[in-house]
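Everything below concerns the one structure shown next.
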Amino acid sequence: MNSAHYDAVVVGSGFGGSLVARALVRAGFKTALLERGQWARRDDVDWDQSEILIKQRYRGTSPLLIKQYGSRDFQRVYANEVVGGNSVFYGGASLRLRPADFARWPFAYGDLAPYYTQAEQLMGVHGEAGADPHEPPGVGAYPHDAIELSAPARRIYETGQALGLQPFKIPLAINFSDATRPLCLRCITCDGFPCKVEAKNDMASTVLAEAQAAGLQIIVGAVARRLLQQSGRVEGVEYVDGESRQSYSLRADRVVLAAGALGSPALMQRSGYDHPLIGRFLMRHCNGVVNNIFPFRTNPEQVFHKQVCFTDFYEDLRSELGTAVGVVQDIYSPAPPVIRHHTPWGLQTMAGLLAGNMQNLLCVAEDEPRAENRVTLAGESDAFGMELVQVEHEYSEEDCRRRDYLMAKAGKILRKSGGLFRYRYLIDSFSHAVGTLRSAHTPEEGVLDENCRYWGAENLYVADGSFMPTSGGVNPSLTIAANALRVAERIVATR
C-alpha cells in the first residue's frame, strides 16, 4: 500500500467534513479529505427529475440494508454519493435548534451560538431576523436579506396569518444576491438536486472550492475501509480506490470522521471499535408531507417557492413529551413522472394529470433517541470486500404523535388556502440521520465527549450529525455545520 502522512485526514465531505477540513487547512494543517463519491456533473441532466429522483444518477455502488416501518425484511437502498455529500441535494433550509433542545446535550445552546453565526456567514444564509416566533437568542441579523415571496409561497404565508399564525421566511443557504457568484434562477430544482449553476451554497460549490485553493487535498472515489490504530491512537485511514480497487493508506496525527450517521459508525465497527453505543440511538426525524389538490394551477410559472416556515407549534407538547414538536414548511410538488412513480397502482394516471394542481407542506417532527434504532454490519460484503451497512429503525408512538400533530396543522393551512382533497405520505429517507455516535458527559452515556472526541482515542474526532444526542425539530444541517466549526477549533487548540 502506498502511504502519505498528514496532520489531519477527514473522512467525508458533507457539511461537517467540509467545514472542519476548511478550518484545519486554514490553520496550517496539512489536510486530506477522502470522499467515496465523485464531483457533481452540473449539467442539464442534474435538473432532470426522472434521472435524479427515480433513476438516481448519483447512487452509490454499495447498498444499505434497511428495515423500517414494521418490515420483516431488509430492503436494499442506494444512497447518493457525491463530493459535498447531502449538502448537494438539500434544499437550503438553515434553522438553528432552540435552547430547550439542548436539555440532554453535554453542552448548551450558548456554547454553540457563536458557531451558528459563523456557519450562517460561511453558508451565505438569506433570512429575516426576528420573524420566527420561537427564534433562539443570538440571531442579530442574517448575512443577506430574505427575498420577496413568490405567488405560491405568498398563498401559504397569507393563509397562515389569516389563521392567527406567525409564518416567516425560511433562512436559506442559496445565493440570491452575491453577484460575484452565480445567482439563483429561482427554479424548482433545489430539494433533491445538484444545482446546475452552483447557486445553491452547498459545500462543494463554496467551502471546498475555497479550501482546495488553500491547499486541501481532496481524494475522490476513495472508499474508507478501516482506521489504522496503534497503542490506543489512530494512525491513519486505509481506503480503496473505487475504480481500480487498489488499497492505499494515509497516515495522520489525527482523524476526523464525517461520513454521516450511517457511514461513520459502520467505519468504526469495521475498524474493531467496541464501545457498546456505537451505531445506537439512530434518529432521522419523523417526517411526513401533506398534499392537497386545488381547483386551480398552484404554480403555473414553475417558480421557486420553498420560502415559508411555521414554528408556532414547536413547543406545544414539550411539557408532556419532553421534546419539541417540530416545524411545518412549504416544499415543491414533483414533476408528473415522479408523482406517477410513487403513486399506488391504479391512481398513477390521475395523479400525473393533477400534478399541477398540487401544493405540499413538509412536517419535520422530532424523534426520540432509542437504543434499538441502530446501525450494524451485515454478514454480506460489497464490491470492495467490506461488510454492508445494516440499518434498523422504527418510530415510537410518541414520534408518530408529534408528526401527526403537525400534519393536522398543515392540513388545516392547505384547506384554508383553497385545497379540496388531501393526501398524506410518509418520508422514508435517512437524509436527516443523526445520533449514532452521540456525545455525552461520560463514556457510559455516549461514544464521544463534549468536544466530539472518541472516549477511547485522544486523536479521533467526529464532525457529522452522528454526534447529536437528540434530533430537535428542524433540519440538522446548520447544527452539523456549526458543531464542525466548534470541533475544528478544539482540534487546532491541541496542536
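Quick note: residue numbers are just sequence positions, from 1. None of the values given here were measured: they were computed from a predicted structure.
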Strictly by salt bridge (Lys or Arg N to Asp or Glu O under 4.0 Å), give each pair with a member in residues 480-495 just once, sequence neighbours left out.
Asp7-Arg495
Donor-acceptor contact below 3.5 Å, side chain Asp399 vs main chain Cys286:
no
Any ion pair linking Arg438 and Glu445 (charged N to carboxylate O, less than 4.0 Å)?
no
Would the Tyr273 and Tyr454 ring centres measure less than 6.0 Å apart?
yes
Look at Asp330 together with Lys169 and state whether they make a salt bridge at an N to O cut-off of under 4.0 Å.
no
Salt bridge present between Glu81 and Arg59 (N-O < 4.0 angstrom)
no
Using the ring of each side chain (for Trp, its six-membered ring), is Phe107 parallel, tilted or perpendicular to Phe102, with breaks at 30° and 60°?
tilted
Contact check, side chains of Leu321 and Arg402, non-hydrogen atoms, under 4.5 Å
yes
Sequence-distant partners of Tyr395, ring-ring contact (aromatic ring centres under 6.0 Å, His included), two or more places apart:
Tyr69, His393
With sequence neighbours left out, write down each residue that passes side-chain hydrogen bond (donor to acceptor under 3.5 Å, both in side chains) with Glu235, or none if nothing qualifies.
none
Glu392 and Arg370: CA distance, side-chain angles, deciding distance, salt bridge (charged side-chain N to carboxylate O under 4.0 Å, His left out) verdict:
CA-CA 11 Å; Glu392 298 172 78; Arg370 303 169 68 216; over 6 Å; no
Non-neighbouring partners of Tyr109 that pass side-chain hydrogen bond (donor to acceptor under 3.5 Å, both in side chains), sequence neighbours left out
Arg96
Cationic tip of Arg284 above Phe430 ring, under 6.0 Å, 45° of axis
yes
Between His126 and Asp145, do the side chains contain an N or O donor and an N or O acceptor separated by less than 3.5 Å?
no
Val88 side chain reached by Tyr58 side chain, heavy atoms, under 4.5 Å:
no
Any donor-acceptor pair under 3.5 Å linking the side-chain atoms of Ser71 with those of Asp73?
no
Any Lys/Arg nitrogen of Arg76 or Glu380 sitting under 4.0 Å from an Asp/Glu carboxylate oxygen of the other?
yes
For the residue pair Thr189 / Tyr332, report whether a side-chain donor-acceptor contact shorter than 3.5 Å exists.
no
Is the positively charged end of Lys306 above the ring of Phe304, judged by distance under 6.0 angstrom from the centroid and angle within 45° of the axis?
no
Any side-chain heavy-atom pair from Leu406 and Val327 closer than 4.5 angstrom?
no
Just grab all the side-chain hydrogen bond (donor to acceptor under 3.5 Å, both in side chains) pairs involving residues 132-144, residues at least two apart or on different chains.
Arg98-Asp132, Asp132-Thr311, His144-Ser177
What pairs meet the side-chain hydrogen bond (donor to acceptor under 3.5 Å, both in side chains) rule with one or both residues in residues 85-94, with sequence neighbours excluded?
none
Would you mind checking if Arg318 and Asp101 are paired as a salt bridge, meaning a charged N to carboxylate O distance below 4.0 Å?
yes
